[in-house]
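The structure appears below as structure tokens.
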2 protein chains.
Amino acid sequence: MSWRKEERRAERGYHHGNLKEALLQAALGLIAEKGAAGFTFADAARMAGVSAAAPYRHFRDRDELLSSIAQRGFEQFEARLTAAWDDGRPDTVTAFERVGRAYLAFAREEPAFYNAMFESGLPIDANPALQAASERAFNVIRAAAERLAALAPPGAPRPPAMMMALHIWSMAHGVASLFSRGDAARRKLPMSPDELLEAEVLIYLRGLGFPTDRSSSAKSAEPPPVPPEASSGSGVPPGGTPGGPWGKPK
Amino acid sequence: MSWRKEERRAERGYHHGNLKEALLQAALGLIAEKGAAGFTFADAARMAGVSAAAPYRHFRDRDELLSSIAQRGFEQFEARLTAAWDDGRPDTVTAFERVGRAYLAFAREEPAFYNAMFESGLPIDANPALQAASERAFNVIRAAAERLAALAPPGAPRPPAMMMALHIWSMAHGVASLFSRGDAARRKLPMSPDELLEAEVLIYLRGLGFPTDRSSSAKSAEPPPVPPEASSGSGVPPGGTPGGPWGKPK
DNA sequence: CAGCTCATGTGAACGACTTTTACATGAGCC
DNA sequence: GGCTCATGTAAAAGTCGTTCACATGAGCTG
């Protein structure tokens with residue numbers, strides 16, 4: 001009937017038991033609340049109920065805590081993008097769009113992670129592990145772009161997948177940074193950030209010669225695994241809105 | 001033969017004479033060097049040769065100095081975008097491209113301003129003057145988009161200028177944030193940020209139905225078929241490179 | 001169980017920063 | 001010449017990041 005280690009330690013004697021994790025969680029909350037710049041090492045310690053010196057047993061300094069959070073962020077980011085991509089189902093363009101929305105959703109729903117990853121000003125390429133994690137996340141977009149490029153329409157030249165990936169990334173990051181968070185999010189837009197990005201990507205893909213209408217999707221030589229009956233999934237409809245990527249052309 | 005005020009004061013007696021300006025300049029240098037997060041009020045004071053309390057005669061607090069810099073940044077930004085736009089000369093698309101490059105050039109050449117404006121985490125919409133300045137800068141892009149939308153090709157529906165402007169802004173900001181500065185700028189790209197953005201915008205415009213080739217400028221409303229000859233061009237020719245917005249279609 | 005050891009936490013201390021307060025200086029005006 | 005007010009200084013309080021010597025106690029070893 002003896003308690004297991006974690007449970008006993010959680011009752012906080014002299015030794016905290018989970019301090020590292022507790023600090024990470026506390027920091028996550030603080031960053032979400034006040035930004036990575038305003039986040040304070042001492043505050044995290046206080047929130048975990050330990051002295052200001054305790055965190056140094058688990059992190060070399062404040063920056064290492066921040067890096068740890070960014071690292072986790074990139075891992076979760078990668079996971080979400082991978083899930084959204086779902087190996088290109090039901091069709092490549094739809095899945096691609098879903099990745100874009102997942103990007104925005106992550107920026108919106110995980111402001112602390114996003115902040116640590118992209119807005120904290122910490123030198124990503126100084127930390128190999130961090131850089132690798134960010135690389136893995138980007139590779140999801142890259143792989144998706146690869147698949148998209150592979151089914152380039154017959155008439156058009158095949159665009160370099162790497163370039164497409166960088167373009168899509170910059171669009172998603174730009175929209176997320178400018179409109180989907182904190183400051184400028186209040187800027188009154190004619191459409192939601194999700195719609196804005198979706199339209200942007202669709203127009204871009206059309207510019208590359210991809211058919212972006214579900215109706216005209218399965219023409220030439222690519223795998224259309226799914227009949228055109230659109231799943232009425234929740235959230236944003238998977239295709240472009242009827243009438244082109246933007247609402248009312250008139 | 002008496003010296004004029006400024007000159008006498010510049011010799012620094014008890015009163016500095018230009019402290020406000022000196023602090024702004026010092027801060028600009030410090031931010032360019034160590035980022036807005038690392039910039040320190042005390043350091044700026046030291047650099048100006050005054051005590052740590054002196055700056056409080058000119059700025060309510062550290063944030064107000066930062067806001068002042070961001071404000072100036074937006075003003076210079078607007079000026080540069082306006083100059084780049086040059087009222088749409090010699091033709092709308094060319095001028096539009098130039099605005100994009102001006103955006104990146106500003107981010108690259110004025111890292112301190114750009115940092116204060118977009119990466120310092122200060123609440124832009126909390127300061128009406130700042131918000132207005134940022135609005136004015138954006139309006140340059142908006143006006144350019146308006147002109148572009150006005151000459152929409154006959155076949156295609158006319159895209160909302162506001163949406164176009166937001167799209168272009170997000171592209172420029174995304175490329176600048178991700179690839180054109182500090183951290184991830186080291187990420188090895190297949191092309192320069194300038195080329196990346198140019199291709200992105202050109203593909204986007206083509207997606208809207210705009211002719212993006214100078215040669216076939218006033219034709220019809222479809223993506224022009226591309227001859228397979230690829231230019232291995234260096235530099236960034238102002239139009240789309242012949243052979244499409246990217247280098248080697250192959 | 002005694003005792004050892006090492007990971008983990010504490011408290012005190014240092015220097016730097018932000019901001020406030022009381023005081024000093026001197027430029028411009030009568 | 002003297003007044004006054006903008007602009008500077010020094011000192012102090014409070015916070016942070018960080019280090020160091022020391023305390024605690026969990027888990028092993030016998």
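Proteins come first, then strands; the chains are lettered A, B, ... in the order of their sequence lines, and each starts at number 1.
Using a 3.5 Å distance cut-off with no hydrogens or angles, the side chains of A:Gln131 and A:Glu135 do not pair a donor with an acceptor.
The interatomic distance linking A:His16 (NE2) with D:dA26 (P) rounds to 15 Å, in whole Å. We find that CG of A:Asp43 is positioned 17 Å from P of D:dG14, with the value rounded to whole Å. Distance CG (A:Leu19) to P (D:dT24): 19 Å, rounded to an integer number of Å. Between A:Lys34 atom NZ and D:dC16 atom P the separation is 8 Å, expressed in whole Å.
The side-chain hydrogen bond (donor to acceptor under 3.5 Å, both in side chains) search around B:Glu75 returns B:Gln71, not counting sequence neighbours. A:Arg142 meets the side-chain hydrogen bond (donor to acceptor under 3.5 Å, both in side chains) test with no other residue; sequence neighbours excluded. Residues passing the side-chain contact (heavy atoms from CB on, under 4.5 Å) test with B:Ala42, sequence neighbours excluded: B:Thr40, B:Arg46.
Because its NZ or CZ atom is not both nearer than 6.0 Å to the ring centre of A:Phe39 and within 45° of the ring axis, A:Lys34 does not count as a cation-pi partner of that residue.
In this structure, B:His167 and B:Tyr204 have perpendicular ring planes: the angle between them is above 60°, well past the 30° mark. The aromatic rings of B:Tyr103 and B:Phe118 lie parallel to each other, with less than 30° between the two planes, well short of the 60° mark.
Using a 4.0 Å cutoff on non-hydrogen atoms, the parts of residues 52-73 of chain A near DNA chain C are A:Ala53, A:Ala54, A:Arg57, A:His58, ordered by number.
The residue A:Ser51 sits close to a base: some heavy atom pair falls under 4.0 Å.
Here side-chain hydrogen bond (donor to acceptor under 3.5 Å, both in side chains) pairs that include residues 50-61 of chain B, with residues two or more places apart or in two chains, are B:Arg60-B:Glu64.
An angle of 10°, rounded to 10°, separates the two end axes of the helix from C:dC1-D:dG30 to C:dC30-D:dG1, each defined over five pairs.
Remark: A:Thr40 is in phosphate contact with D:dG17, judged by side-chain N or O atoms under 4.0 Å from OP1 or OP2. Residue B:Arg46 has no polar side-chain atom (N or O) positioned under 4.0 Å from OP1 or OP2 of C:dA16.
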